[in-house]
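Here the structure is a predicted model, which means the values were calculated and not measured. Ligands are counted one by one from 1 in listed order, and the atoms in each one are counted from 1 as well.
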Amino acid sequence: MPPPGDVKIKVRNLSFAYKENTVLKDLTLDIAALAVTAVVGPSGQGKSTLLSIFNRLWEDIPGAHLRGRVHIHLNGDYQDIYHRSCSLPALRRQVGMVFQIPNPLPMSIYKNVAFPLKLSGESNKRQKRLAVERALKQAFLWDEVQDRLHEDARHLSGGQQQRLCIARALVLKPEVLLLDEPTSSLDAAATEIVEQLIMRLKENCTIVMVSHDMAQVERVADYGLTLLGGRVVNK
Ligand code: ADP
Ligand code: MG
């Protein structure tokens, strides 16, 4: 467990079920700020579910229900993200997510990264350009794409597409980044770049990453949580 002052996410007595299938049982844990926490464990143990709880992505699934509390330190204060006063659009801006399979939108590289800005109402073109460039640099992708920003993003390699998705998640300057097996579809070289990137990103962002690769966890993570039978078996 991280020292108390450095806690970004506090999970208290969290239970979660899809209809009758209870996936997480009375979890209490802390996630360290500005560090990489790896969530590991066999398939089907609720790793992806736990990530989806941190940005409320599960809420539209019929029959899914949650008990317990999740507080995330945002804008200088702990917020109960399931309290009715918590704004979902604001939460999603501050807690970004990247999935296992890169999912670029069918549009240009530039528009992919600018997309969340558009949704959040940013209309100043210069601000948009600067934010896109910053995010692409942060995602270690700028040098490879700066001359082809208006090409279709689906022409990029798998590793580049995943870094693009990371740039898209970073463009709104989230405080937390959720990564669900971000390298599992990538080859060794692309994986290495993404790992370097993750280690750099924790300077500005709290990272929670699901991984099934224990060697990767050793290389990248500061803390590890193992989920088994709905519980955390180490902290
Ligand atoms: P992991 O990421 O560790 O492989 P998941 O969180 O994806 O595990 O899944 C945990 C359990 O919840 C599994 O039994 C899975 O079948 C079930 N599950 C996951 N997503 C859904 C869903 N959308 N609807 C119903 N059950 C689900
Ligand atoms: Mg999963």
| field | Heteroatom distance test (V23, ligand 1): nitrogen or oxygen, under 3.5 angstrom | value | no
| query | Going by the atom numbers of ligand 1, which of them fall below 4.0 Å from some non-hydrogen atom of Q45? | reply | 1 (P), 3 (O), 8 (O)
| query | In the protein, which heavy atom is nearest to atom 3 (O) of ligand 1, and how far is it? | reply | K47 NZ, 2.7 Å
| What class does the angle between the rings of F16 and W58 fall in, given that below 30° is parallel, 30 to 60° is tilted and above 60° is perpendicular? | perpendicular
| said: Hydrophobic clusters here meaning ILVMFWY residues chained together by side-chain heavy-atom distances under 4.5 Å, can you tell me if L50 and M209 are in one? | reply: no
| What atoms of ligand 1 come closer than 4.0 angstrom to any heavy atom of T49? | 5 (P), 6 (O), 9 (O)
| query | If you group Ile, Leu, Val, Met, Phe, Trp and Tyr by side-chain heavy-atom gaps below 4.5 Å, do V145 and L164 land in one group? | reply | yes
| message | Could you check whether any side-chain N or O of N112 sits under 3.5 Å from a backbone N or O of M107, counting only pairs where one atom can act as donor and the other as acceptor? | response | yes
| remark: Looking at A64, S48, G44, the heavy atom closest to atom 13 (C) of ligand 1 belongs to G44
| At under 4.0 Å between heavy atoms, which part of N21 makes contact with ligand 1: side chain, backbone, both or neither? | side chain
| So, for atom 10 (C) of ligand 1, does the protein have a heavy atom nearer than 4.0 Å? | yes
| task | May I ask you to list the atoms of ligand 1 that are less than 4.0 angstrom from any heavy atom of S43? | result | 4 (O)
| note | Under 4.0 Å from one or more heavy atoms of G46, ligand 1 contributes atoms 1 (P), 3 (O), 5 (P), 6 (O), 8 (O), 10 (C)
| message | So that I can check it, does any N, O or S atom in T49 come closer than 2.8 Å to the Mg ion (ligand 2)? | response | no
| message | Is the ring pair Y78/H73 parallel, tilted or perpendicular, if the boundaries are 30 and 60 degrees? | response | perpendicular
| message | Looking at V36, is its backbone amide N or carbonyl O close enough to the side chain of D222 to form a donor-acceptor pair, meaning the two atoms are under 3.5 Å apart? | response | yes
| task | Please check if the side chain of E195 supplies one atom and the backbone of V220 the other of a donor-acceptor pair under 3.5 Å. | result | no
| Counting only heavy atoms on the protein side, is anything nearer than 4.0 Å to atom 16 (O) of ligand 1? | no
| Are the charged groups of R12 and D30 less than 4.0 angstrom apart, N to O? | yes
| Among W58, F16, Y18, closest by any non-hydrogen atom to atom 22 (C) of ligand 1 | Y18
| query | Any nitrogen or oxygen of I61, main chain or side chain, under 3.5 Å from a nitrogen or oxygen of ligand 1? | reply | no
| Is the shortest distance from a Lys or Arg side-chain nitrogen in R129 or E133 to a carboxylate oxygen in the other one below 4.0 Å? | no
